[in-house]
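Since we're looking at a predicted model, the values are computed, not measured. The figures here come from the full heavy-atom set of this structure, side chains too, leaving out hydrogens, waters and symmetry mates. By convention in this document, chain letters (A, B, ...) are assigned in the order of the sequence lines, proteins followed by strands, and residues within each chain are numbered from 1.
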Amino acid sequence: MKIVIAEKPSVGRELAKVFGATTRKDGYIESKGYSFTWAFGHLLQLAPPQDYGFIGWRKQHLPMLPAKFKLAIRKIKTKDGFVEDPAVRKQLDTIKKLFDEATEIIVATDAGREGELIFRYIYYYLKCKKPFKRLWISSQTDEAIKDGFRNLKPGTDYDTLFNSAHCRSESDWLVGMNATQALSISAGNRTVLSLGRVQTPTLAMICARFLEIKTFVPQTFYQISILLIKDEQIFKAVSTSNYKNKEEAEKLFSLVEDVPSGFPTGGNITAVEAKPRKEPPPLLHDLSSLQQEANKKKGFTADQTLNLLQNLYESKLVSYPRTGSRYIGDDVFAGVPDLITKFTNHPDFGKQAQFLQTITLNKRSVNAKKVTDHHAVLPTGEEAYGLSSDKQAIYDMVVGRMIEAFHQECLKEITKITIQSGLTFIANGTVIRSAGWRSVFNETEDDKKDEDNAALPKVAVGEQLPITEKSLLEKQTKPKPMFNEASLLKALETCGKEIEDEELRYAMKDSGLGTPATRASIIETLITREYITREKRNLIPSTKGLAVYEVVKDKQIAQAELTGQWEKRLEEIRSGASVKDFKSEITEYTKMITNELLIAGASISGRLEDKKLEQA
DNA sequence: GCAAGGTC
């Protein structure tokens, strides 16, 4: 009997289906020759400090550097504290039984670093010694699966991938557990002050933005705007320059030749520019882009959106939710026309779905090379009925985006008129010639400025138009907005791109901070720790969060670059570099940050106390 | 009590 093990039940069932396996057992599916089983993500985790004898949080334990890490069954929180997850224990027993009977194991966890780790932790925990082969596919279509099974790789081909995964896991434990205890202990051990490679840079971003806004000094500046008229159509133009000095602005303002000042045609047209612009449809959604849209449109938190989407996935209404790809492969694209047909009666998108049946579909979101473990989120086409309003809203965002993504470009005409009257003015106008994908939701653009005109009248260079009105506008510079969940998610995705060091930036190019699967939980962790709170839709740091930020802000643990450095080294390990060197560097770093925090935490002890007094 | 990673 060959045992195939997948990362999650949905994939296990999909593989079984391709093999025609139908005998459903508890935790696996059987056929002649093959049994298909699965994990539920990580079943095993690195054991907590107390499993190595570090009982209680004590300075003399630090730094905790286990000679050999242990694995423990994933825990869940109950009213009696943390206990082994019984469902996980049961599935591990099933897997053990199957492995014991196996002649060969076929590893079908997701094709990536964590997928490899999920299997290897199970394999080593069960002390299994049987040979295994690796299924490595990036698409779940029947053809891709069959092809993958014809081209199984030797399991040992992925030893270096496991090494990099294992290093990632242990390094996060070493740095996170030690830094957390060190800071908590030195700050008086009254409350948990957690730190980690991902959560601390995230907290730092929120705090830095908050302080930037708090210390922002608005600058007053002046702008001059005019209204012109042509063929009974009034349009607006704004001075190309801003003026810091009021006297200067007033002087220039007096030079504007408007009708009330006695100039019947004081606006000289000096340039007219009209350019067509094509706006391609948006890409399909990955989890993060959907979380951002749901936060903007409906105010859902990242966590709520993930839960709603997971629910839709479990009801077989949408494809795999925790994806980081906004593309699909050609094989999935082949099924898209039929999929679109299923939505021709949709109350909101039916008409546009019908229209898509008559055109060549846009293939911007089709790129097999950009599909990683999972493709972009798509509806499955199963009939959806009786959904709660929140679930329906998320489902409609998925369906609507699919219709948009395969729709035509939006064609616009951008017009720019330059007017001279004492000083130079610009009038901008945008006319949509063909709405294309924008007809799906029919929403106005988010980047539209209030000084933009819709359509501009036809004018020619040399024409002189009446200026019916002029205004001197007093404006103030504004700080960047506070982070909300949408802008934070985006910042987590793109923070790698702002790293100056080219190599580190390259190492983070496909990752950012955290992963699609974990970003919602990072935000929730910061809230649970009382580092940040939600105020309306904004994420605001608390006194506690700001105190922690003060201690760590100049340290590596608060920089996104740390992840960049790790990613670079982990990639080297994956291609065969020594594990030993990286491990000893992590050990050194752990010792250093632990010692620093054991000293530094004392400085915030008082600030945590203040918070309690305020509340009392 | 604590990380980050995956998923029901």
Novice: With a 4.0 Å cut-off on heavy atoms, is A:Val198 in touch with a base, just the backbone sugar-phosphate, or nothing at all?
Specialist: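 A:Val198: backbone/sugar contact only, no base atoms under 4.0 Å.
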Novice: Kindly say whether, by distance alone, the side chain of A:Gln50 makes a donor-acceptor pair under 3.5 Å with the base of B:dC2?
Specialist: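 A donor-acceptor contact between them is present.
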Novice: Classify A:Tyr313 by what it touches in the nucleic acid, base, sugar-phosphate, or nothing, heavy-atom distance under 4.0 Å.
Specialist: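 Sugar-phosphate, no base atom in range.
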Novice: Answer yes or no: is there an ion pair linking A:Glu493 with A:Lys490, defined by an N-O contact shorter than 4.0 Å?
Specialist: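 Answer for the salt bridge query: no.
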Novice: Of the candidate nucleotides B:dA3, B:dC8, B:dC2, which contains the atom at the shortest distance from the side chain of A:Lys8?
Specialist: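 When the side chain of A:Lys8 is considered, B:dC8 is the closest of B:dA3, B:dC8, B:dC2.
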Novice: Under a 4.5 Å cut-off applied to non-hydrogen side-chain atoms, are A:Phe582 and A:Leu570 in contact?
Specialist: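 Side chain of A:Phe582 against side chain of A:Leu570, heavy atoms only: contact under 4.5 Å found.
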Novice: Do you know the tightest heavy-atom contact between A:Arg58 and A:Gln181?
Specialist: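 Looks like N-OE1, 4.3 Å.
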Novice: Starting at atom CG of A:Leu117, determine the distance to atom P of B:dT7, rounded to an integer number of angstrom.
Specialist: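 So the two atoms are 13 Å apart, to the nearest Å.
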Novice: Return the value, rounded to whole Å, for the distance between atom CG of A:Asp51 and atom P of B:dC2.
Specialist: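 Going from CG in A:Asp51 over to P in B:dC2 covers 15 Å.
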Novice: From CZ of A:Arg190 over to C1' of B:dG1, roughly how many Å is that when rounded to an integer?
Specialist: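 One finds 15 Å between C1' of B:dG1 and CZ of A:Arg190, rounded.
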Novice: B:dC8 P sits how many Å from A:Asn307 CG, rounded?
Specialist: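 The distance from CG of A:Asn307 to P of B:dC8 comes to 12 Å, rounded to the nearest Å.
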Novice: Expressed as a whole number of angstroms, how long is the span from A:Leu183:CG to B:dA3:P?
Specialist: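 Going from A:Leu183 (CG) to B:dA3 (P), I get 12 Å.
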Novice: Nearest-Å distance, CD (A:Glu530) to C1' (B:dG1)?
Specialist: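 Those two atoms, CD and C1', are 13 Å apart.
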Novice: Between A:Lys17 and A:Glu14, is the closest basic N to carboxylate O distance under 4.0 Å?
Specialist: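 Salt bridge: yes.
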Novice: Ring of A:Trp173 versus six-membered ring of B:dA3: centres under 5.5 Å and planes under 30°?
Specialist: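 Base of B:dA3: not stacked against A:Trp173.
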Novice: What is the distance from CG of A:Asp26 to P of B:dC8, rounded to the nearest Å?
Specialist: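 So the CG-P distance, A:Asp26 to B:dC8, works out to 16 Å.
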Novice: How close or far is atom C1' of B:dG5 from atom CG of A:Leu44, stated in whole angstroms?
Specialist: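 For the pair A:Leu44 CG and B:dG5 C1', the rounded distance is 13 Å.
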